[in-house]
> 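Have a look at this one.
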Amino acid sequence: MILLLIKDKYLINRKMKYIVIGLGYFGSKLASNLTNMGHEVIGIDNHSERLDELKDSITTVMKMDSTNISAIKSLPLNDTDAVIVAIGDVGSSILTLSILKNLNVKRIIGRAIHQTHHNILTQIGIEEVVLPLEESAMHVSSMLQIKNALRLTEINEEYAIAEILVPAKYTGHSLDTLNIQNRFNLVLVAVKIAPKEGILTSIFRRNYKVDLTYGVDLPLGEKDILVLAGKIIDIKRFSES
């Protein structure tokens, strides 16, 4: 798989805030990448030695037991763009993610160790789940740069193909109304239609129906996904419109 990294000129202007819980190989790489991109990152782990090694490459590091609800509540959860849980221990991962879900954190991304772990996370309502064999830390840090992006593949430094969750303001509108090509200079490759309510999905949305000829007069659903191709800067412009 190609490792992805959006170049500095394409980063969004606003400094974003992230919490990464679990600073093993995946979590530490992700936290370091986001810090290098200019964002504010709180890295959390339960091992002092690991924190000492990473204190110079992550904005802030903290020692914490993330399965302690009181400790989690002390974090700036309402002032954070996303919380990523990259804990290697399955039990601690599930408990931490359950706590965050119950606290209504606005965006939670869980890292699964294997397919069974992945299935459990989706069953408890974690919609964005990363499998280490399919996603890299650099891919996730790239994805986080574009609002509503679920997947982004660079073609070169200027162009990419992206899967964008339909922005809330466009839910119920038709493709004809959006006029994506003329307004944003983007090519619509396909629409991924969300399954019926009650079917839990992961970040990969494998059970979505792919429609290459979606009717221009049909309304877009809240959880539908647009597959767009074009300049990265135009994809960002659309996602932030």
Side-chain angles (χ1 to χ4, degrees), residues 1-4 6 10 12 81-82 84 101 106-112 115 118-136 138-156 159-241:
M1 173 179 176
I2 299 173
L3 298 182
L4 306 174
I6 296 179
Y10 298 122
I12 56 178
D81 291 283
I84 303 96
K101 184 70 176 178
K106 62 183 176 183
R107 188 177 186 190
I108 306 168
I109 298 174
R111 181 253 188 153
Q115 189 61 49
H118 177 283
N119 293 343
I120 293 171
L121 296 186
T122 59
Q123 287 166 13
I124 65 173
I126 307 302
E127 293 190 353
E128 296 189 61
V129 182
V130 174
L131 274 167
L133 294 180
E134 300 188 53
E135 301 293 320
S136 71
M138 294 185 76
H139 171 84
V140 175
S141 57
S142 293
M143 181 185 70
L144 286 168
Q145 303 305 303
I146 297 181
K147 187 177 180 181
N148 294 322
L150 302 175
R151 183 180 291 272
L152 185 138
T153 303
E154 281 184 322
I155 298 171
N156 59 24
Y159 290 88
I161 298 172
E163 294 187 16
I164 306 290
L165 189 67
V166 174
K169 67 181 290 184
Y170 296 137
T171 298
H173 292 269
S174 67
L175 292 174
D176 192 41
T177 302
L178 265 62
N179 198 13
I180 292 172
Q181 185 163 0
N182 290 331
R183 290 176 60 201
F184 301 99
N185 299 315
L186 297 172
V187 175
L188 178 69
V189 178
V191 176
K192 297 178 77 172
I193 304 169
K196 299 295 183 182
E197 281 187 35
I199 300 178
L200 295 172
T201 59
S202 75
I203 194 172
F204 304 111
R205 271 70 180 181
R206 291 193 181 94
N207 49 351
Y208 274 44
K209 176 185 175 184
V210 177
D211 192 335
L212 299 175
T213 58
Y214 194 83
V216 295
D217 57 341
L218 296 176
L220 292 166
E222 180 184 5
K223 294 186 178 181
D224 289 347
I225 297 166
L226 302 177
V227 183
L228 303 170
K231 291 185 177 180
I232 297 172
I233 194 168
D234 289 329
I235 295 171
K236 283 178 49 192
R237 190 162 57 89
F238 168 74
S239 69
E240 295 167 10
S241 66

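In what follows, every heavy atom counts, from backbone to side chain, and hydrogens, waters and symmetry copies are set aside. Since the structure is predicted, the reported quantities are computational estimates derived from the model, not experimental observations. For reference, positions follow the sequence shown, starting with 1.
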> Can you tell which of L226, N185, I164 makes a side chain to side chain contact (heavy atoms under 4.5 Å, CB included) with I235?
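Answer to the side chain to side chain contact (heavy atoms under 4.5 Å, CB included) test with I235 among L226, N185, I164: I164.
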
> Of all the heavy-atom pairs spanning L175 and G215, show the shortest one and how long it is.
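The answer is CD1-O, 4.3 Å.
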
> Locate the shortest heavy-atom distance separating G221 from T171; write the atom from each residue and the value.
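Heavy-atom minimum between the residues: C-CG2, 4.1 Å.
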
> How close do V210 and A190 get, counting heavy atoms only, and between which atoms?
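For V210 and A190, the tightest heavy-atom pair comes out as CG1-CB, 4.0 Å.
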
> What pair of heavy atoms forms the shortest contact from I225 to V166, and how long is it?
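Looking at all heavy atoms of both residues, the shortest contact is N-CG2, 4.4 Å.
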
> Do you know the tightest heavy-atom contact between R107 and A149?
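Taking every non-hydrogen atom into account, NH2-O, 3.8 Å.
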
> Which pair of non-hydrogen atoms, one from A160 and one from I232, has the smallest distance, and what is that distance?
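Minimum heavy-atom separation between A160 and I232: CB-CG1, 3.6 Å.
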
> Test your reading of the model: is there a side-chain donor-acceptor pair from D224 to the backbone of I193, 3.5 Å cut-off?
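The answer is no, because no donor-acceptor pair under 3.5 Å joins these two groups.
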
> Does a side-chain heavy-atom distance below 4.5 Å link K101 with I126?
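Touching, per the 4.5 Å side-chain cut-off.
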
> Between atom CG of D234 and atom CZ of R183, what is the distance when rounded to the nearest 0.5 Å?
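Nearest 0.5 Å value for the CG-CZ distance: 12.5 Å.
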
> Output the distance between atom CZ (R151) and atom CD1 (I161), rounded to the nearest 0.5 Å.
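Interatomic distance, R151 CZ to I161 CD1, rounded to 0.5 Å: 11.5 Å.
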
> Kindly indicate whether the side chain of R111, heavy atoms from C-beta on, has any atom under 4.5 Å from the side chain of I84.
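SC-SC contact between R111 and I84 ruled out.
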
> To the nearest 0.5 Å, how far apart are CG in N148 and CD in E240?
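Going from the CG atom of N148 to the CD atom of E240 covers 9.5 Å.
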
> What distance separates I180 CD1 from L228 CG, expressed to the nearest 0.5 Å?
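The CG atom of L228 is 5.5 Å from CD1 of I180, to the nearest 0.5 Å.
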
> Got a sec, which residues hit side chain to side chain contact (heavy atoms under 4.5 Å, CB included) with L218, two or more places apart in sequence or on another chain?
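For L218, the residues satisfying side chain to side chain contact (heavy atoms under 4.5 Å, CB included) (neighbours in sequence not counted) are Y214.
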
> Angle between ring planes, Y170 versus F238, binned at 30° and 60°: parallel, tilted or perpendicular?
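Ring orientation, 0 to 90° scale: parallel.
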
> Start with the C-alpha distance between N119 and Q115, add both sets of side-chain angles, then the distance that settles side chain to side chain donor-acceptor pair (under 3.5 Å), and finish with yes or no.
CA-CA 6 Å; N119 293 343; Q115 189 61 49; 3.0 Å; yes

> By side chain to side chain donor-acceptor pair (under 3.5 Å), which residues pair with N182, not counting sequence neighbours?
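For N182 the side chain to side chain donor-acceptor pair (under 3.5 Å) partners, ignoring immediate neighbours, are N179.
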
> Does any part of the side chain of L188, heavy atoms only, come nearer than 4.5 Å to the side chain of L178, both counted from C-beta?
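In short, these two side chains do not touch, never coming nearer than 4.5 Å.
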
